[in-house]
Amino acid sequence: MNVLNTVSKPGINYNNYDKDKNRKTVKAASIAGSAIGIAGAVAGVYAMAKKGNPAVSMKNFAYSEKDALMIGAGSVLGGLTGGLIADKNKENTKPKLREASQQFLGNMACPLGLLAASNKLLEKTNFKLPKINSASKPAKIANGVLNVLPKAAVTIGSLVGGMEIGNKIMNKVNDKVFKEEVKHDVKPEDFLVHTDDLCLAASMLLKDAKSVTTVTSKVLPASFIVAGAKTGIQEKSIDQNPEKV
């Protein structure tokens with residue numbers, strides 16, 4: 001974690017001890033708020049699924065793009081709320097609100113929206129790659145790869161492309177709404193923290209493999225905690241270099 005300087009209002013003096021104590025409190029509150037938001041969203045998603053299909057259970061439940069978006073929203077809202085309540089320096093409110101917009105719009109709504117639309121198009125066209133007409137073991141393996149390849153391309157392409165689109169939109173939002181020139185560019189290392197996208201991608205690609213889907217469905221809600229925690233810990237002095245959770 002970088003050592004960061006908190007910008008104080010006139011008449012307020014934060015010494016290093018107070019800064020560190022405030023950050024630790026804010027971080028704990030942001031993580032807790034994100035966890036609570038995720039739990040509430042999961043409960044809501046499951047209740048709606050149960051209403052539509054009484055036979056569904058948490059053991060065999062697979063999250064859709066819409067479900068993932070609701071859980072992500074719960075995480076961001078929870079982390080933002082926890083951070084705002086715990087942070088004594090109210091100059092940090094704007095960075096937290098901007099990060100909430102970035103996380104939800106740039107990192108969730110655009111990628112998941114593009115993924116949902118792409119999946120519908122793929123299902124409608126029923127596009128499939130030609131199979132190898134052979135009963136040999138190598139041919140069976142190759143046909144398995146060919147079967148999942150279109151879905152893989154659509155899933156990964158949608159998530160990556162959606163993040164690029166979302167970040168371009170957020171750059172405009174920063175200029176127009178927050179009146180600040182803070183540019184978010186997607187870098188390769190950025191995808192390392194998007195465990196939520198990776199879990200969702202695994203669920204989408206391997207939905208027929210029950211053991212994999214079960215694991216990813218259990219991990220998916222918890223993976224969103226990073227987004228909420230990052231939202232709640234943002235500070236004014238780290239606008240150009242966001243805090244790492």
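Please read all numbers here as calculations on a predicted model, not as lab measurements.
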Side chain of [X], backbone of [Y]: donor and acceptor closer than 3.5 Å?
| X | Y | answer |
| --- | --- | --- |
| Thr125 | Leu122 | yes |
| Thr25 | Lys21 | yes |
| Asn143 | Ala139 | yes |
| Asn167 | Gly106 | no |

Heavy-atom check, side chain of [X] versus side chain of [Y], under 4.5 Å:
| X | Y | value |
| --- | --- | --- |
| Arg23 | Ile233 | no |
| Val42 | Met70 | no |
| Thr231 | Ser30 | no |
| Asn107 | Pro111 | no |

From [X] [atom1] over to [Y] [atom2], what is the distance, rounded to the nearest 0.5 angstrom?
| X | Y | atom1 | atom2 | value |
| --- | --- | --- | --- | --- |
| Leu112 | Met163 | CG | CE | 10.5 Å |
| Lys128 | Asn147 | NZ | CG | 6.5 Å |
| Thr93 | Leu97 | OG1 | CG | 6.5 Å |
| Leu80 | Gln234 | CG | CD | 11.0 Å |
| Lys24 | Asn22 | NZ | CG | 12.0 Å |
| Phe104 | Leu69 | CZ | CG | 4.5 Å |

Among the clusters formed by ILVMFWY side chains lying less than 4.5 Å apart, do [X] and [Y] turn up in the same one?
| X | Y | result |
| --- | --- | --- |
| Tyr46 | Met48 | yes |
| Ile141 | Leu146 | no |
| Leu121 | Leu149 | no |
| Val45 | Ile36 | no |

If you compare all heavy atoms of [X] against all heavy atoms of [Y], which two are closest, and at what distance to 0.1 Å?
| X | Y | value |
| --- | --- | --- |
| Ile38 | Ile71 | CG2-CG2, 4.0 Å |
| Phe224 | Ser75 | O-OG, 2.6 Å |
| Cys110 | Ile169 | SG-CD1, 3.9 Å |
| Leu115 | Thr155 | CD1-CA, 3.6 Å |
| Gly232 | Val26 | O-CG1, 3.3 Å |

Practice task
Sort out for me which residue in Arg98, Lys230, Met170 forms a side-chain contact (heavy atoms from CB on, under 4.5 Å) with Gln103.
Solution key: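 With Gln103 as partner, Arg98, Lys230, Met170 yield a single side-chain contact (heavy atoms from CB on, under 4.5 Å), made by Lys230.
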Practice task
Return yes when atom CG of Asn133 has more than 12 non-hydrogen atoms of other residues, nucleotides or ligands closer than 6.0 Å, and no otherwise.
Solution key: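 12 or below, so no.
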Problem - Lys50 atom NZ: more than 12 heavy-atom contacts under 6.0 Å - result: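 Yes - once you tally the heavy atoms of other residues, nucleotides and ligands closer than 6.0 Å, there are more than 12.
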Handout entry: Glu65 and Asn119: side chain donor to acceptor below 3.5 Å
Key =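 Distance-only check passes for Glu65 and Asn119.
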Practice task
Compute whether any side-chain donor of one residue and acceptor of the other, for Asp67 and Ser64, lie under 3.5 angstrom apart.
Solution key: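 Result is yes, a qualifying pair exists.
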Practice task
State whether Asp87 and Lys96 are salt-bridged, where the test is any N-O pair (Lys NZ or Arg NE/NH1/NH2 against Asp/Glu carboxylate O) under 4.0 Å.
Solution key: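 A salt bridge is present here (some side-chain N lies under 4.0 Å from a carboxylate O).
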Practice task
Apply the test side chain to side chain contact (heavy atoms under 4.5 Å, CB included) to residues Val76 and Met108: give CA-CA distance (whole Å), side-chain angles for both, the deciding distance (0.1 Å), then the verdict.
Solution key: CA-CA 10 Å; Val76 172; Met108 295 178 189; 3.7 Å; yes
